[in-house]
Amino acid sequence: MSATASSSFHLLDERIQRFIWAEGWDSLRDAQEAAIPLIVKGDRDVIVAAATAAGKTEAAFLPALTHLVQADAPGLAVYISPLKALINDQFGRLDRLCEQLEVPVWPWHGDISASSKSRFLSQRRGVLLITPESLEAMLCNRGTAIGSTFERLSYLVVDELHAFIGTERGKQLQSLMHRIERVIGRRVPRIGLSATLGDMGLAAAFLRPGHGAAVALVESKSSGGELRILVKGYEEPRVVRGEQEDGESEPITPAQIAGHLFKGLRGSNNLVFPNSRREVERYTHLLTRMCDAQQVPNEFWPHHGSLSKEIRAETEAALKQKERPATAICTNTLELGIDIGAVKSVAQIGPPPTVASLRQRLGRSGRRKGEPAVLRGYCVEDALGGQASIADELRLGSVQMAAMISLLLEGWFEPPSVKGAHLSTLVQQVLSFIAQNGGATIGQLHGLLCAPATPFSVVAKDEFVELIRHLGQKELLVQDSSGVLLHGRVGEKLVNHYRFYAAFASDEEFRIVAGGKSLGTLPVSQVLTIGQRILFAGRTWKVEDIDEEQKTIHVSRAVGGAPPLFSGGAGRTHTRVRQRMRQLLEGDEQPAYLDEVARRFLAEGRANYRTRSLSDAYVLDQGREVLLLTWLGDAANEAIACLLRRRGFVAVPAGPGVEVLKGQATLEDVVDVLFDAGLDEAPPLDVLLADTRNLQREKWDWVLPDRLLRKAYGSQHLDLEEALGWIRSLPGNGGFVGVSS
DNA sequence: GACCTGCTGCGGGATG
């Protein structure tokens with residue numbers, strides 16, 4: 001490390017400089033160079049955004065540790081991570097450096113012993129590595145000790161900031177940091193570490209609500225290397241009725257795709273993303289069977305959230321070791337965080353959930369200098385003919401894949417959605433603060449959580465009062481004679497269980513056990529019968545017994561069988577993606593990365609788009625239903641559906657548009673009502689959703705009063721402004737109406 | 001027609 005090359009190096013403590021020499025690092029990365037002077041003084045909030053493996057952790061900790069060891073009294077830095085695995089990784093990396101500095105490092109999460117935790121509590125100095133849930137538990141259960149525990153706190157470091165923005169857990173994290181600062185009576189510098197973000201302003205506003213403009217921003221300049229892309233199309237033949245008498249017929253394209261993967265991926269490390277756990281099982285099964293059939297060692301390993309820790313660890317170990325090549329078939333469990341080394345290529349089967357997610361997945365490939373990142377895309381479309389749907393005719397899956405790749409190449413990806421009010425998490429934070437403080441007045445709670453520049457500042461005073469009253473009716477809260485709020489009968493029970501600490505809900509699941517050995521878990525919503533065959537961990541099993549008390553399914557090995565269904569929610573597609581899809585269908589651009597079949601899909605989509613005159617027509621008459629083709633994102637389509645429902649129609653968002661049941665009405669009636677909706681003022685969310693049921697999505701939604709539940713849902717899921725903007729921009733506004741059938 | 005994350009305090013009994 002030369003003195004002239006780096007000015008930031010000299011800002012670091014001498015012992016840290018010696019450590020860097022000893023490690024043999026030739027230079028500081030640009031993100032570290034820029035972040036050190038901003039962080040070392042410990043007087044401001046900073047976001048460091050850089051691609052994976054750019055040394056973000058060091059960018060935060062080299063200056064933060066310098067500050068800690070040079071302070072008059074021993075200080076404390078708190079590092080907050082979304083994953084336990086990441087805490088364990090970071091502990092390994094930090095502990096060696098910190099040992100030389102005589103700074104203790106304390107991992108703290110659910111798997112850490114109580115004795116280690118109490119040793120930290122007696123010392124209260126060094127670096128604490130913790131999850132939001134463990135921090136919640138600490139505030140909840142050790143309320144009176146919080147002031148002294150964090151007395152010497154100098155930094156709050158948030159890792160994987162992008163994974164928190166716009167989520168229930170992110171809202172919880174904001175509230176936890178805020179509550180700690182309130183107890184110790186001063187602001188603590190917040191350091192956010194993130195993958196590159198589209199909108200740094202949103203991230204800054206998230207890190208320091210109300211004062212985002214004052215957050216210092218460091219963005220790594222290191223540009224992405226070369227990217228090689230191949231997208232292959234596969235056509236699934238139509239199933240002729242009568243051929244499937246002995247049960248479900250298996251589709252044939254997965255075996256073809258697996259064959260291509262087998263040839264292309266063997267001999268190197270890769271990740272395959274088929275978008276669902278069920279498909280992970282399907283492809284792992286196909287690929288391991290191919291290894292068996294060719295009598296070669298297996299190179300394909302499954303990884304998803306329903307698999308046991310042991311099976312996942314086996315896959316991670318296969319990827320990490322260097323002796324033999326390994327490919328993981330996975331869900332987004334391998335998208336974030338844990339270090340699995342560089343992979344040669346990434347395969348994406350079907351369009352990815354979002355461009356942002358595709359980008360994150362590709363970040364795992366081509367990380368060594370001079371090596372390109374490689375993306376293999378696979379598109380499956382049903383053969384046309386007979387009763388093909390509009391989605392089939394327009395080849396929407398393939399068009400979406402091409403649209404998302406073209407946006408990726410332009411450097412665009414979805415900004416995080418930060419409009420959600422997350423009132424569910426407000427309920428949790430009210431209950432938690434009462435536990436911490438041994439009771440609270442309504443004014444105290446409102447001032448803490450809902451005042452300007454707090455995490456729930458969108459909640460008005462009257463709404464907060466309504467919420468607290470409702471929590472009283474539900475026996476979550478009671479008021480004592482002096483007006484202080486305490487936990488009610490139900491609240492007491494819920495707070496005094498460890499499930500309370502997580503802000504997000506989770507499905508109840510069955511354990512799957514074979515011969516006494518746990519294989520993993522399966523969501524409880526799934527219907528199962530004894531004797532049925534399921535695919536799990538890449539193998540076929542027969543269900544022997546279902547123990548509802550113990551929530552356990554006992555299985556034995558079996559041959560053949562249909563894969564089990566996993567429960568799931570709905571994806572959210574952004575308007576920009578839908579508009580690029582339309583642009584692709586209207587234009588004649590030929591993306592070079594499409595193979596012959598994928599090119600044919602695009603050509604067929606374009607031909608059908610023209611035949612139906614969809615450049616002009618936005619109303620498609622489909623007999624009993626009308627399809628309004630908006631080419632907007634899901635949030636706007638859902639808002640349009642709500643506007644029509646308010647006026648008596650049955651309407652649901654449907655891919656690139658909104659499907660409306662005609663009922664007794666005519667197509668012209670539907671269009672009239674649509675224009676009518678565009679003339680009105682934007683209705684408040686609770687009015688818009690007045691007739692809609694089943695809005696509960698988050699953990700505490702079940703205790704929200706109806707009006708606030710609608711507000712919470714609407715703030716997160718509807719884009720009313722965009723919906724009204726679309727209606728108002730329709731051609732002629734009552735004049736020309738495009739109809740196609 | 002999706003996916004992921006996380007979790008305490010205490011008491012009882014065994015062991016050094």
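Just the heavy atoms: all of them, side chains too, but no hydrogens, waters or symmetry mates, feed the values below. Below, chains carry the letters A, B, ... as their sequence lines are ordered, and counting in each starts from 1.
Contact check, A/R278 against B/dC3: no side-chain N or O comes under 4.0 Å of OP1 or OP2. Of the side-chain N and O atoms in A/R312, one or more sit less than 4.0 angstrom from OP1 or OP2 of B/dT5.
A salt bridge does not link A/R359 with A/E414: every distance from a Lys NZ or Arg NE/NH1/NH2 to an Asp or Glu carboxylate oxygen is 4.0 Å or more. Note on A/E235 versus A/R395: salt bridge recorded, some NZ/NE/NH1/NH2 to OD/OE distance being below 4.0 Å. Between A/E279 and A/R282 there is a salt bridge, with a side-chain nitrogen of the basic residue lying less than 4.0 Å from a carboxylate oxygen of the acidic one.
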Produce a footprint string for nucleotides 7-16 of chain B: one letter per nucleotide, 5' end first; B if the base is under 4.0 Å from any protein heavy atom, S if only the sugar-phosphate is, - if neither. BBS-------

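Put simply, CD1 on A/I80 is 14 Å from C1' on B/dG6, counting in whole angstrom units. Spacing between atom NZ of A/K309 and atom C1' of B/dC4 amounts to 16 Å, rounded to whole angstrom units. Between the CG atom of A/L307 and the C1' atom of B/dC4 there is a distance of 13 Å, given to the nearest Å. Distance, A/E160 CD to B/dT5 P: 13 Å, rounded to whole Å.
One side chain, A/R361 or A/S357, offers a donor N or O that lies under 3.5 Å from an acceptor on the other. Of the N and O atoms on the side chains of A/E136 and A/Q429, at least one donor lies less than 3.5 Å from an acceptor on the other residue.
Using a 4.0 Å heavy-atom criterion, one finds that A/N275 contacts the sugar-phosphate atoms exclusively. No engagement by A/R361 is indicated, since no non-hydrogen atom pair under 4.0 Å with the nucleic acid exists.
Mapping A/P82 and A/P351 onto DNA chain B by nearest heavy atom places A/P351 at the nucleotide closer to the 5' end.
With sequence neighbours excluded, no residue satisfies ring-ring contact (aromatic ring centres under 6.0 Å, His included) with A/H178.
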